[in-house]
Amino acid sequence: MSVAESKAKSPKQSSRNKASPAQAIAPEVLKSILDATPIEYVNIKNLVISDLNARTIPYSKESVRGLAASIAAIGLLQNLVVHDMPDGKSGVACGGRRTTALELLLEDNLIQPDDVVPVKRVSREIAAAASHAENEQRVAMHPAEQITSFWK
């Protein structure tokens, strides 16, 4: 049997290229939903990192210490995107590093469990798509941009 014959006789594989959550929801639809979603405030003690968060490797406390210091000094500048969890908590799909930084601030007694943070509450489907979209396009600042931003 030739190589060509063996390839022709191999069973067809099912498509492995399933649409990602962000592809399943058109970007303009996702944006309009997130833009239209009102900000609400949730107690920090009710936040948990969601299984829908695209980032699956936990952040070490040390890797977010600088972010925690920034939040302690000037507050949380960007809201979290959450969805309802079965246990009544708010699952953080967008903002895992921020949530880990908040946990560090709790441990250091710089904030309290009843303090509130801004969130946008969306469905599980939208949360998964938003997390994928937010992390897929992430690009770090160029060092020159970082330096010049200090003098603005």
Side-chain angles (χ1 to χ4, degrees), residues 10-107 110-111 113-152:
S10 66
K12 288 186 177 182
Q13 294 180 345
S14 63
S15 173
R16 292 183 189 158
N17 296 333
K18 294 182 180 177
S20 70
Q23 292 167 333
I25 300 173
E28 62 276 5
V29 172
L30 179 59
K31 182 179 181 332
S32 69
I33 291 170
L34 289 172
D35 286 349
T37 303
I39 297 286
E40 63 179 86
Y41 293 86
V42 173
N43 288 342
I44 293 170
K45 68 182 175 188
N46 291 329
L47 298 174
V48 295
I49 296 179
S50 168
D51 61 334
L52 299 179
N53 194 304
R55 303 279 182 162
T56 57
I57 299 170
Y59 299 103
S60 71
K61 300 288 188 206
E62 291 309 311
S63 73
V64 297
R65 192 161 294 282
L67 178 57
S70 172
I71 293 171
I74 59 177
L76 192 63
L77 297 178
Q78 183 181 7
N79 64 270
L80 307 172
V81 176
V82 302
H83 63 90
D84 292 331
M85 300 290 285
D87 62 1
K89 297 217 176 209
S90 295
V92 178
C94 298
R97 285 188 74 240
R98 286 168 274 159
T99 302
T100 302
L102 291 168
E103 291 169 355
L104 182 60
L105 293 173
L106 278 172
E107 287 176 11
L110 295 173
I111 60 174
D114 289 330
D115 288 348
V116 294
V117 294
V119 303
K120 286 194 173 206
R121 186 174 307 279
V122 297
S123 69
R124 286 183 60 84
E125 178 185 35
I126 298 300
S131 181
H132 180 83
E134 178 179 86
N135 287 291
E136 180 180 54
Q137 298 302 320
R138 186 172 303 270
V139 177
M141 282 178 75
H142 186 277
E145 293 170 322
Q146 291 176 322
I147 292 167
T148 59
S149 71
F150 289 119
W151 286 284
K152 289 186 178 181

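Heavy-atom basis, side chains included; hydrogens, waters and symmetry copies ignored.
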Contacts of Lys31 meeting salt bridge (Lys or Arg N to Asp or Glu O under 4.0 Å) (sequence neighbours excluded), chain-then-number -> Asp35
Salt bridge (Lys or Arg N to Asp or Glu O under 4.0 Å) filter on Asp115, not counting sequence neighbours, yields none
Find the distance between [atom1] ([X]) and [atom2] ([Y]) and round it off to the nearest 0.5 Å.
| X | Y | atom1 | atom2 | result |
| --- | --- | --- | --- | --- |
| Leu30 | Ile25 | CG | CD1 | 6.0 Å |
| Cys94 | Leu34 | SG | CG | 7.5 Å |
| Leu110 | Leu102 | CG | CG | 11.5 Å |
| Asn53 | Arg97 | CG | CZ | 12.0 Å |

N/O donor-acceptor pair under 3.5 Å between [X] side chain and [Y] backbone:
| X | Y | answer |
| --- | --- | --- |
| Ser131 | Ala127 | no |
| Arg98 | Gln78 | yes |
| Lys120 | Asn79 | no |
| Ser32 | Val29 | yes |

Checklist entry - Are any non-hydrogen side-chain atoms of Leu67 and Ile71 less than 4.5 angstrom apart? => result yes
Heavy-atom side-chain contact between Arg124 and Asp51 under 4.5 Å
yes
Which residues pass the side chain to side chain donor-acceptor pair (under 3.5 Å) test with [X], not counting sequence neighbours?
| X | result |
| --- | --- |
| Ser90 | Arg121 |
| Lys61 | Glu103 |
| Glu62 | Arg65 |

For Thr100 and Ser60 the tightest heavy-atom approach is CG2-O, 4.5 Å
Residues Leu106 and Pro113: closest non-hydrogen pair is CD2-N, 3.4 Å
In Val119, Val81, Val82, Val42, the residue satisfying side chain to side chain contact (heavy atoms under 4.5 Å, CB included) with Val92 is Val82
Could you list the donor-acceptor pairs under 3.5 angstrom formed between side-chain atoms of residues 43-50 and any protein atom two or more places apart in sequence or on another chain?
from  : atom 1 : to     : atom 2 : distance (Å)
Lys45 : NZ     : Asp114 : OD1    : 2.7
Ser50 : OG     : Leu52  : N      : 2.8
Ser50 : OG     : His83  : NE2    : 2.6

